[in-house]
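Notes to accompany the following structure.
The model shown is predicted, which means the values in this text are computed figures rather than measured ones. We count ligands from 1, going down the list as the structure has it; atoms in each ligand are counted the same way.
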Amino acid sequence: MKIELLQNSRPLFGTISLEGDKSISHRAIILASLANGTTRINNLLESEDVFRTINAFKLMGVEIEKKGPVYVIKSKGIRGLKEPKEPLYFGNSGTTARLMIGLLAGLPFNSKVTGDSSLTKRPMDRVILPLKEMGAILSSQGRDMTLPLTIQGRQLHGFEYTIPVKSAQVKSALLFAGLLANSATTVTELAQTRNHTEIMLKEFGSNIITEKHAITIKPTDSLIAGNLFIPGDISSASFWIVGALIVPGSHVRIKDLGLNDTRTGILDVLRKMGANVLLEEITEEAGERTGTLTIKHQPLKATTIEGDLIPRLIDEIPIIALLATQAEGTTIIRGAEELRVKETDRIKAIVTVLSTLGATIKPTEDGMIIKGKTSLTGGDVSSYDDHRIAMMIVIASLITNQKVNIDKLSSISISYPRFFKDLKQLTE
Ligand code: S3P
């Protein structure tokens with residue numbers, strides 16, 4: 001099926017607040033389910049991926065209900081979790097899968113986990129191998145240590161481990177396993193990745209210490225329930241930020257936005273490209289920096305994106321690539337080989353989509369090279385059933401001079417169900 005995207009060259013204009021950050025939402029559900037007592041969560045992201053995490057805990061006996069705008073989670077704590085009577089289905093959610101595998105490995109019961117056709121192809125050896133070093137019993141039914149996975153939960157022991165991939169999901173899986181182990185665990189990262197797990201573990205009262213890139217967690221079985229507000233998702237905001245920069249006349253304000261330094265790589269890149277990024281009303285909510293961001297249309301220049309910046313903007317690379325097609329000069333993205341193992345091979349998807357739309361873009365092993373500024377034409381493109389590719393295509397269609405047809409848009413509900421509502425609000 002082909003869906004014709006509305007060409008909409010009207011400027012993006014106005015002030016919006018976004019639904020909660022996806023990474024923080026997963027962690028909030030996990031920690032609230034592990035804490036003894038009642039946790040209330042405001043501005044939780046109500047997307048498919050987050051519902052997978054919610055469902056997993058419901059199947060383990062946690063009470064999770066929405067009351068008005070607030071999610072109320074009542075749990076009897078770690079020791080109160082029950083063996084799930086059916087396999088846990090994680091759909092498309094890599095975060096649910098990796099974080100939950102870490103946790104389930106250390107719980108005193110057995111479980112089976114699986115996912116959709118994308119998730120069952122994604123690498124799980126990155127969590128399976130270190131968890132086995134902690135004593136976990138995991139057996140994969142997939143080829144190459146992929147899902148489905150059977151987990152025989154048992155008492156794990158702490159360990160010291162340097163994570164060979166730059167992945168917050170792996171780090172978080174090992175920290176959750178460490179929480180349940182019988183001695184301290186220290187994980188060391190090669191580069192700083194998003195640190196929401198560390199921040200939230202601290203907020204819930206766990207014994208966790210970060211020293212440079214090494215994080216040590218000591219086991220505990222009593223976490224403290226509390227109230228949380230989840231800041232707006234900067235990965236979702238990036239579509240409006242780039243939209244505003246490339247559609248003439250645009251001026252957008254985004255309130256209550258998560259501005260955790262481990263996630264704001266895109267803002268550093270924008271500044272390097274010459275953009276004026278205004279941040280105001282900065283506060284801290286449960287250890288997470290939040291604020292209001294204002295951005296306007298303006299011409300930009302190309303840049304190089306590499307090194308420690310990559311993990312701080314990994315999910316924003318599809319939309320940054322679109323931006324680079326509209327910047328003067330050659331933008332180089334390197335060291336982003338992790339894109340090859342996301343919901344789809346994003347290097348291939350980005351390059352195929354943008355070249356079909358008339359951009360000058362070449363793939364490399366670990367990134368891409370984009371020559372701008374090119375006007376975008378139009379054409380028939382695939383979203384690869386990947387939410388971030390689909391949303392990038394919709395934003396691209398705002399500036400194409402011909403029609404864009406896309407095969408599918410349904411994946412957008414994985415991370416941003418309100419996307420079209422917010423687009424309408426900003427363009428009407
Ligand atoms: C996430 C970590 C990143 C990111 C993903 C969410 C998380 O994945 O791409 O969308 O919430 O921890 P990796 O850990 O695989 O880099």
Counting heavy atoms under 4.0 Å, the part of Arg27 that contacts ligand 1 is side chain

Honestly, for Lys342 the part within reach of ligand 1 (heavy atoms, under 4.0 Å) is side chain

With no hydrogens and no angle check, just 3.5 Å: does a side-chain donor-acceptor pair link Ser235 and Glu316? yes

message: If we count only N and O atoms by modelled type, under 3.5 Å, do the side chains of Lys255 and Thr15 hold a donor and an acceptor together?
response: no

What I want to know is whether [X] and ligand 1 share at least one N or O pair that is separated by under 3.5 angstrom.
X	result
Glu338	no
Arg194	no
Lys22	no
Leu99	no
Arg388	no

Sorted by chain and residue number, the side-chain hydrogen bond (donor to acceptor under 3.5 Å, both in side chains) partners of Thr186 (sequence neighbours excluded) come out as Thr216

Is Asp366 salt-bridged to Arg340, going by a charged N under 4.0 Å from an acidic O?
no

State if Lys166 counts as touching ligand 1 under the rule of any non-hydrogen atom under 4.0 Å.
yes

(message) So for His196, does at least one of its heavy atoms come nearer than 4.0 angstrom to any atom of ligand 1?
(response) no

